Visitor: 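Submitted below is the structure of interest, expressed as C-alpha cells.
All heavy atoms count here, side chains included; hydrogens, waters and symmetry mates do not. In each ligand, atom 1 is the first atom listed, and ligand 1 is the first ligand listed. Just so it is clear, the structure is predicted and the values come from calculations on it, not from any experiment.
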Amino acid sequence: MAQISRVLHTSFLPHFPQSPLPPSSHNGASPAVPFRYRTRSSISSSPSTTSRASEARPIPWGCEIESLESASALQQWLSESGLPPQKMAIQRVDVGERGLVALKNIRKGEKLLFVPPSLVITADSDWSCLEAGNVMRRNSVPDWPLLATYLISEASLMNSSRWCSYISALPRQPYSLLYWTRSELDTYLVASQIRERAIERITDVEGTYNDLKVRIFSKYPQLFPEEIFNMRTFMWSFGILFSRLVRLPSMDGKVALVPWADMLNHSSEVETFLDYDKSSQGIVFTTDRSYQPGEQVFISYGKKSNGELLLSYGFVAKEGANPDDSVELSLPLNKSDKCYKEKLEALQKYGLSTPQRFPLQITGWSLEMKAYAYLVVCPPNMSQHFEEMAAAASNKSTSKAGINYPELEEQTLQFLLDCCESSIAKYTKFLEVS
Ligand SMILES: C[S@@+](CC[C@H](N)C(=O)[O-])C[C@H]1O[C@@H](n2cnc3c(N)ncnc32)[C@H](O)[C@@H]1O
C-alpha cells in the first residue's frame with residue numbers, strides 16, 4: 001500500500017506557464033523548430049503489464065498532429081459554447097504545426113482569449129460517466145492521474161461527451177519523450193540528464209497506471225474496461241497533460257486544460273502566460289508585443305532549457321535561439337586529492353556532494369559553479385578557504401559578489417574546460433551525423 005500511495009501521489013513537474021516571469025526585452029520572430037520525431041508507441045525496455053502489440057495500435061480518437069479539419073470543428077463548437085469572437089484563428093504555422101494566427105492587428109498590452117471557466121477542464125469537471133467520476137473521487141485520486149483518467153473516459157465516449165470536438169482536435173500522438181523507446185533514449189540522449197528524467201517520467205506514468213489498475217480499475221471493470229483504460233491510452237493522456245496542461249496562478253495554482261488557449265505555441269521571445277482574469281472571468285493572456293494579421297501569436301511556456309522543452313513538449317528551439325538554454329555540468333572532487341576528506345566535509349556541511357551538478361548557460365556559469373571549481377583545485381596550503389568556497393558553491397555565502405582567487409583562476413578555468421570536454425565526449429551522435 002505504501003508503494004501504491006507513493007506512486008499515486010507523485011507530483012509531476014509543472015510544465016506549462018506557471019508564474020509571472022521577470023521582465024526583459026526580446027525582439028523578433030521565434031526561430032523554434034519542432035523535434036520531428038515520431039516513433040512507435042513502445043515505451044521502455046522494462047517489462048510492462050500491457051502487451052507491446054496492443055501499444056502499437058493507434059489511439060482511436062484525436063487527430064493527426066497537423067490536422068486542421070478537426071481544428072475548425074473545434075473553433076465552431078467553442079464559439080457556439082460561449083467563446084467570444086476572437087482576433088485569432090487556428091492555422092498551419094511554420095513553428096509548431098498548428099497555432100493561433102492573428103486575423104487583425106493586435107496591439108502590445110491587449111488582453112486576448114477570454115475562455116470562460118465552463119469551457120475549461122479541471123479536476124472538478126463533471127464526468128459524462130458519473131459513476132466512474134464518483135469512484136475516482138471516493139478513492140481521493142490526485143489531480144494528474146484523475147485528469148488523465150478523465151480524458152480517456154471522455155474520449156472513449158466520443159459523441160456522447162461534451163468534450164468531443166476538443167478531444168477530436170487533440171493530437172493522436174503528441175510529440176513526447178514518453179513515446180521514445182529505451183534504446184532511442186540511450187542513443188540520442190546518451191550524455192544528457194534529460195535521459196534520466198525521461199526514464200523517471202515514463203516509470204512514473206507506468207507506475208501510476210499500474211497503481212490505478214490494481215486499486216481501482218480491476219475492482220470496477222465495467223466502468224474501467226482494460227480495452228480502454230490501458231498503458232497505451234495512459235501514455236497518450238499523460239502526453240497530452242505534459243504538453244498542454246496549464247497552472248493558473250490566479251486560481252490558486254489550479255491545473256487546467258484550456259481548449260483554444262492550448263493551441264498557442266511557445267516562443268522564448270515573449271514572456272506572457274495564461275491566467276484567469278477575475279474582471280472578465282475568463283482565461284486570458286496579455287500580449288507583450290504587437291502582431292500583424294497573418295503573424296503567429298505566441299505565449300511563453302516558461303523559462304526552460306531545450307532539454308526541458310524536449311522533455312515536456314517534444315520540441316527543441318533552434319540552435320542558439322533559446323536564451324534560457326542550459327545544460328547541467330557535473331563537477332567531481334578529485335579522489336586522489338590530499339584534502340579530499342576535508343573538502344567533502346565542507347561540501348556536506350552546506351548540503352553539497354561530489355559529483356555535483358550545476359547549470360551551464362551559453363552566456364556563462366553561475367558563481368556557485370565557479371566557487372565549487374575553486375574548491376576542487378584549491379591546494380592544501382589554502383585549506384582555511386575550503387569552507388568559504390563550499391558556502392559560496394551552495395549559495396549560502398554572505399558575500400553576494402562571489403569569491404575571487406586570482407592565484408587559482410587559471411587552474412579553475414582549466415578544470416571547468418576539462419569537465420566540459422569529458423561531458424561532450426560522452427555524446428556519440430551529433431545533429432550533423434544523425
Ligand atoms: C500546447 S500545444 C500547442 C498547440 C499545438 N501546436 C497543436 O497543434 O496542437 C504544445 C505543443 O505544440 C508544439 N509546440 C509548441 N511550441 C512550439 C515551438 N516553439 N516549436 C515547435 N513546436 C512547438 C509542441 O508539439 C508542443 O508539444
Side-chain angles (χ1 to χ4, degrees), residues 13-18 26 28-39 59 61-75 78 88-101 113 115 120-121 151 165-180 198 201 235-248 255-274 283 285 295-325:
L13 290 173
H15 58 288
F16 218 46
Q18 306 137 24
H26 296 291
S30 166
V33 288
F35 197 93
R36 287 173 188 280
Y37 201 88
R38 294 179 203 212
T39 63
I59 292 283
W61 49 76
C63 65
E64 289 306 311
I65 212 153
E66 68 285 342
S67 164
L68 279 187
E69 257 171 63
S70 45
S72 50
L74 169 69
Q75 229 161 305
L78 286 168
M88 301 170 291
I90 302 173
Q91 289 182 13
R92 286 295 289 277
V93 286
D94 293 342
V95 170
E97 314 282 354
R98 301 172 302 181
L100 291 186
V101 171
L113 300 176
V115 183
V120 170
I121 298 178
L151 213 49
S165 302
Y166 173 59
I167 292 168
S168 302
L170 290 175
R172 190 171 294 142
Q173 183 169 315
Y175 288 132
S176 174
L177 289 193
L178 293 180
Y179 288 104
W180 287 32
R201 203 168 263 200
M235 282 294 158
W236 170 79
S237 61
F238 272 105
I240 293 293
L241 295 185
F242 281 126
S243 60
R244 307 181 96 88
L245 200 68
V246 208
R247 194 175 289 278
L248 299 166
V255 286
L257 284 170
V258 189
W260 185 253
D262 71 355
M263 284 292 169
L264 284 160
N265 289 320
H266 164 85
S267 166
S268 47
E269 292 171 0
V270 298
E271 301 210 327
T272 185
F273 55 91
L274 300 174
I283 312 299
F285 76 98
E295 271 189 281
Q296 182 175 185
V297 179
F298 292 101
I299 56 167
S300 166
Y301 295 177
K303 286 184 177 290
K304 296 196 184 317
S305 68
N306 281 353
E308 284 165 332
L309 289 173
L310 181 64
L311 186 65
S312 290
Y313 306 99
F315 72 90
V316 291
K318 211 168 171 180
E319 206 183 331
N322 180 1
D324 304 310
D325 197 18

Visitor: Are any of the N/O atoms on Arg244, whether in the backbone or the side chain, positioned under 3.5 angstrom from an N/O atom of ligand 1?
Guide: yes

Visitor: Does a salt bridge link Glu64 with Arg172, judged by any charged N lying under 4.0 Å from a carboxylate O?
Guide: yes

Visitor: Does an N or O anywhere in Ser243 fall below 3.5 Å from an N or O of ligand 1?
Guide: no

Visitor: With heavy atoms under 4.0 Å as the rule, classify the contact between Leu264 and ligand 1 as side chain, backbone, both or neither.
Guide: backbone

Visitor: Please classify the Phe298 to ligand 1 contact at 4.0 Å (heavy-atom distances, strictly less than): side chain, backbone, both or neither.
Guide: neither

Visitor: Check whether any N or O atom of Tyr175, backbone or side chain, sits under 3.5 Å from an N or O atom of ligand 1, and answer yes or no.
Guide: no

Visitor: Please compare Asp94, Leu68, Asp262 and report which has the shortest non-hydrogen distance to atom 2 (S) of ligand 1.
Guide: Asp262

Visitor: Would you indicate whether the side-chain heavy atoms of Asn322 and Leu309 approach each other to under 4.5 Å?
Guide: yes

Visitor: Are any of the N/O atoms on Ser267, whether in the backbone or the side chain, positioned under 3.5 angstrom from an N/O atom of ligand 1?
Guide: no

Visitor: Show your working on side chain to side chain donor-acceptor pair (under 3.5 Å) between Ser168 and Ser165 and close with a plain yes or no.
Guide: CA-CA 5 Å; Ser168 302; Ser165 302; over 6 Å; no

Visitor: Test your reading of the model: is there a side-chain donor-acceptor pair from Ser67 to the backbone of Cys63, 3.5 Å cut-off?
Guide: no

Visitor: Please confirm whether the backbone N or O of Asn306 pairs with a side-chain atom of Asp325, one donor and one acceptor, at under 3.5 Å?
Guide: yes

Visitor: Do Pro171 and ligand 1 have an N or O pair less than 3.5 Å apart?
Guide: no

Visitor: Is there a heavy atom in Glu97 that sits closer than 4.0 Å to ligand 1?
Guide: no

Visitor: Determine whether a donor-acceptor pair (N or O, by modelled atom type, separation under 3.5 Å) exists between the side chain of His266 and the backbone of Ser300.
Guide: no

Visitor: Mark up the atoms of ligand 1 that fall under 4.0 Å of a heavy atom belonging to Val95, in ascending order.
Guide: 18 (C), 19 (N), 20 (N)

Visitor: Strictly distance-based, threshold 3.5 Å: is any side-chain N or O of Asn265 a donor or acceptor partner for the main-chain N or O of Arg98?
Guide: yes

